[in-house]
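Presented below is the structure to which this report refers.
Nothing here was measured: the structure is a model prediction, and the numbers come from that model.
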Amino acid sequence: MEYSTSTAILHPSRRAKTVRSGGRQHAAADGSYQQDLRLLGRFDTFRGRRALVGRAARLPLNLPVCHPENLLDPRAWAYTGDDIRGLHYHDALREEAHSNLTYRAFTLRLGKDVEKLARAQHKHCLDFLRKRIARHLKDALQPRNGVHWLWWFAIEEDDKGALHIHGEIAFFECDRRLVRKALCAAGGKWLAPPPVIVGGKKRQSPRQLRFSRYAPDHGWAGYSLKNTRKAGRGWRRLCKRQGNPRFMTATFEGKAVAASGPVKAAAVLIHKRAVADVKSFRRSHKSTLTA
């Protein structure tokens, strides 16, 4: 079915969502889907120092893969995991970021006050941060022509349990200072920890906001999404049922990946095209895949 608006794409009917009743149980389908995307050449070549994370021929994410004889069909957008969605958010933002825009990766550390407010929203923790970032960017870039909508990010916890954000954003180069100021304001008041001595050398305190020097690749997207599985509902239930240590799941509630409206709508269309290409690839190489 073809949809006339992005709203219809993002919110299909309830009946359409329930067609695949067991879709959420097949996480390995995402791994096989990612493997086929690599075979189709859909991932960036990680180029020397231009690559933020990763090397050539590596997959962005370490996901389980189905046996070639029992391949599961790629999951519909409503059932696919947040990590696969994040890869398509990267694709969408790269397509939307035309030559007039600067396209960069960023890491944002949250102030304790903002982190406390976010966690207090319980399962709406991610949504609170998404709306907060969107509001600050909109207020800062309102005079411009709507480019403040081009971004996506993932939240995760560091070794000490503090929330921080990895993401990507596109903006006009003349607005760099405004973008940095808006993101820092969205992160809240952040006090840098004192510098530490490592190996006899003084290590400088981390900054609240860091931008990459180059446009990000799929390696950065995979790095940003490396812990999103810990926030998945299925993974949380599995760990709880098996009595696994608490550190194996995220301590915040809810999901971990968010994107602006235009990026999300474009990602849905990219996913739809990619699924069709993967199915066609599997049909044409069926004898090779099962050999």
Testing the 3.5 Å rule here: is there a donor-acceptor pair between the side chains of His271 and Asp91? no

Quick one: do the Glu168 and Trp152 side chains pair a donor with an acceptor below 3.5 Å? yes

List the steps, then state whether ring-ring contact (aromatic ring centres under 6.0 Å, His included) holds for Tyr223 with His166. CA-CA 8 Å; Tyr223 177 78; His166 295 302; 5.2 Å; yes

Cation over ring, Arg176 on Phe171, under 6.0 Å and within 45°? no

Determine whether a donor-acceptor pair (N or O, by modelled atom type, separation under 3.5 Å) exists between the side chain of Ser284 and the backbone of Ser280.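 The answer is yes, because a donor-acceptor pair under 3.5 Å joins these two groups.
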
Does the distance from a Lys or Arg side-chain N to an Asp or Glu carboxylate O, for [X] and [Y], drop under 4.0 Å?
{"X": "Lys279", "Y": "Asp73", "result": "no"}
{"X": "Asp277", "Y": "Arg273", "result": "no"}
{"X": "Glu115", "Y": "Lys112", "result": "no"}
{"X": "Arg75", "Y": "Asp30", "result": "yes"}
{"X": "Arg119", "Y": "Glu253", "result": "no"}

Tell me, yes or no, whether the heavy-atom count around Asn62 atom CG, taken from other residues, nucleotides or ligands under 6.0 Å, exceeds 12. no

Is the Trp220-His90 ring centre distance short of 6.0 angstrom? no

In the structure I gave you, are the side-chain heavy atoms of [X] and [Y] within less than 4.5 Å of one another anywhere?
{"X": "Ile84", "Y": "Leu63", "result": "yes"}
{"X": "Leu87", "Y": "Gln34", "result": "yes"}
{"X": "Val263", "Y": "Trp151", "result": "no"}

Where does the angle between the aromatic ring planes of His88 and Trp77 fall among parallel (under 30°), tilted (30 to 60°) and perpendicular (over 60°)?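 Tilted.
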
